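Report on the following structure.
Just so it is clear, the values below take in all heavy atoms, side chains as well, and ignore hydrogens, waters and symmetry mates. Just so it is clear, the structure is predicted and the values come from calculations on it, not from any experiment.
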Amino acid sequence: MVESRLTRTLLRLGSAVTLAFIYLPLILIAVYAFNKSVTQSWPIHTFTTKWFSTAYHDPGVRQALWLSVRAALGATAVALVLGTLASLAVSRFDFFGRQAITLVLILPLALPGIISGLALRTSYETFGVSFGLLTIIIGHATFCIVVVYNNAQARLRRVAGSLEQASADLGADSWQTFRYVTFPQLRTALLAGALLAFALSFDEVIVTTFTSGSEQTLPIWIFTNLARPQQLPIINVVAVAVILLSVIPVWLAQRLTREPTGVGGIAAAAAGARQ
């Protein structure tokens with residue numbers, strides 16, 4: 001009993017130290033966002049909320065935020081389409097090079113961001129592509145695809161292929177089988193993958209630095225203004241906003257644990273085939 005209590009105490013202490021190590025810097029940024037002074041010194045003597053209004057009305061911040069949202073949405077859309085198709089191909093079909101696709105897709109995420117960014121920039125310059133929103137979306141999609149692909153692959157491994165075969169036996173074509181059987185099994189995994197991809201794209205800095213040209217996403221705006229002492233309070237406010245916008249999709253993705261059953265999908269596919 002003594003050892004059990006000691007073990008539990010040590011585990012709780014270790015968990016508390018780990019959480020403090022991860023979240024204390026984030027909490028400190030949030031506290032400094034309410035600091036009236038433009039200098040970051042401890043303890044804080046006067047608190048204010050004026051920097052939130054200043055950041056909200058700053059045109060540079062608003063433009064950077066809107067660009068980040070558009071880039072994340074575009075990269076997520078591309079990742080959803082390509083990641084889903086790749087996962088279906090690997091899971092449901094047998095072809096030459098099938099085993100190597102996973103490695104090829106994961107490689108861009110495993111490479112250092114500066115290498116991926118440099119490779120993308122070189123490609124854009126070689127083919128004469130103008131830097132802007134499109135180049136940012138393409139750059140972000142290269143690593144967002146992996147998130148969607150892995151989520152879809154993990155779900156498809158738990159879905160028996162016999163369900164799709166039964167759907168075909170009942171007269172459903174490939175599209176009806178996907179619509180009524182495969183997609184209901186995949187939708188929560190795809191939604192979770194999309195949310196994680198959005199958060200990953202929204203926070204990206206290194207690849208964006210090489211692919212954005214003169215455009216500034218919100219993380220790039222923060223990085224650029226770090227050298228301006230007068231901007232520190234606004235940077236802290238923007239950082240708090242980025243933290244919140246990143247936490248929400250990650251939390252929602254974690255909550256998407258409900259897995260639909262396949263029997264109803266087979267029946268629906270059969271009904272669609274008879275129509």
Could you tell me the separation between the CD1 atom of Ile220 and the OG1 atom of Thr208, rounded to the nearest 0.5 Å? 5.5 Å
Are Val31 and Ile235 co-members of a hydrophobic cluster defined by side-chain heavy atoms under 4.5 Å apart? yes
Taking only residues at least two apart or on different chains, which pairs with a member in residues 79-91 satisfy salt bridge (Lys or Arg N to Asp or Glu O under 4.0 Å)? none
Atom pair CG (Leu118) and OG1 (Thr211), whose distance is rounded to the nearest 0.5 Å: 12.0 Å
For Ser68 and Ala64, indicate whether the former's side chain and the latter's backbone hold a donor-acceptor pair under 3.5 Å. yes
Is the count of non-hydrogen atoms from other residues, nucleotides or ligands lying under 6.0 Å from Phe21 atom CZ greater than 12? no
CG of Leu133 to CD1 of Ile138, rounded to nearest 0.5 Å, is 10.0 Å
Mind jotting down which residue pairs meet the salt bridge (Lys or Arg N to Asp or Glu O under 4.0 Å) criterion with at least one end in residues 120-140? Sequence neighbours excluded, please. Arg121-Glu125
Please evaluate residues Val207 and Thr142 with respect to the criterion side chain to side chain contact (heavy atoms under 4.5 Å, CB included), reporting the C-alpha separation (whole Å), side-chain torsions for both, the decisive distance (0.1 Å), and the verdict. CA-CA 10 Å; Val207 172; Thr142 57; 5.5 Å; no
Under 4.5 Å between side-chain heavy atoms, counting indirect links through other Ile/Leu/Val/Met/Phe/Trp/Tyr residues: same cluster for Leu244 and Ile29 or not? yes
Between atom CG of Leu85 and atom OH of Tyr149, what is the distance when rounded to the nearest 0.5 Å? 12.0 Å
State, to 0.1 Å, how close Val90 and Gln153 come at their nearest heavy-atom pair, and which atoms those are. CG1-NE2, 3.6 Å
With a cut-off of 6.0 Å (strictly less than), are more than 12 heavy atoms of other residues, nucleotides or ligands near CD1 of Ile114? no
If you count the non-hydrogen atoms of other residues, nucleotides and ligands that lie under 6.0 Å from NZ in Lys50, is the total more than 12? yes
Under the rule for side chain to side chain donor-acceptor pair (under 3.5 Å), what residues qualify as partners of Asn236, not counting sequence neighbours? Gln40
Kindly give the cluster partners of Leu11, where membership spreads through any ILVMFWY side chain lying under 4.5 Å from a current member. none
With Tyr32 via ring-ring contact (aromatic ring centres under 6.0 Å, His included) - residues at least two apart: none
Walk me through whether Leu120 and Thr135 qualify under side chain to side chain contact (heavy atoms under 4.5 Å, CB included). CA-CA 9 Å; Leu120 287 165; Thr135 56; over 6 Å; no
Nearest heavy atoms of Ala72 and Ser201, plus distance in Å: CA-OG, 3.2 Å
Grab the two heavy atoms, one from Thr46 and one from Asn35, that are nearest each other, plus how far apart they are. O-OD1, 3.6 Å
Return the minimal non-hydrogen interatomic distance between Gly113 and Ile206, and the atom names on each side. C-CG2, 3.4 Å
Each residue besides Leu13 in its hydrophobic cluster should be listed here, by chain and number; the cluster joins Ile, Leu, Val, Met, Phe, Trp and Tyr at side-chain heavy-atom distances under 4.5 Å. Val17
ring-ring contact (aromatic ring centres under 6.0 Å, His included) pairs touching residues 203-228, sequence neighbours excluded, are none
Taking only residues two or more places apart in sequence, or in another chain, which ones meet Phe143 in a ring-ring contact (aromatic ring centres under 6.0 Å, His included)? His140
CG of Asp203 to OG1 of Thr217: how many Å apart, nearest 0.5 Å? 9.5 Å
Do the side-chain N and O atoms of Ser87 and Arg155 include a donor-acceptor pair separated by under 3.5 angstrom? no
Closest approach of Leu65 to Phe202 (non-hydrogen atoms, all atoms of both residues): CD1-CZ, 3.8 Å
Can you tell me how far CD1 of Ile243 sits from CG of Leu26, rounded to the nearest 0.5 angstrom? 4.5 Å
Under 4.5 Å between side-chain heavy atoms, counting indirect links through other Ile/Leu/Val/Met/Phe/Trp/Tyr residues: same cluster for Tyr23 and Val240 or not? no
Partner set under side chain to side chain donor-acceptor pair (under 3.5 Å) for Glu215, not counting sequence neighbours: none
Taking a hydrophobic cluster as the set of Ile, Leu, Val, Met, Phe, Trp and Tyr residues connected by side-chain heavy atoms closer than 4.5 Å, whether directly or through intermediates, do Leu67 and Val78 fall within one such cluster? yes
Here the pair of heavy atoms bringing Ala55 nearest to Val237 is CB-CG1, 3.8 Å
Leu190/Asn151 under side chain to side chain contact (heavy atoms under 4.5 Å, CB included): CA gap, chis, key distance, verdict: CA-CA 7 Å; Leu190 293 179; Asn151 272 35; over 6 Å; no
Partners passing side chain to side chain contact (heavy atoms under 4.5 Å, CB included) against Ala241 (at least two apart in sequence or in another chain): none
Quick one: do Leu28 and Ile222 end up in the same hydrophobic cluster if we chain Ile, Leu, Val, Met, Phe, Trp and Tyr together by side-chain heavy atoms under 4.5 Å apart? yes
Can you run down the ring-ring contact (aromatic ring centres under 6.0 Å, His included) pairs that involve residues 54-81, sequence neighbours left out, and say none if there aren't any? none
Holding to ring-ring contact (aromatic ring centres under 6.0 Å, His included), I want the full list of residues that pass it with Phe52, two or more places apart in sequence or in another chain. Phe34
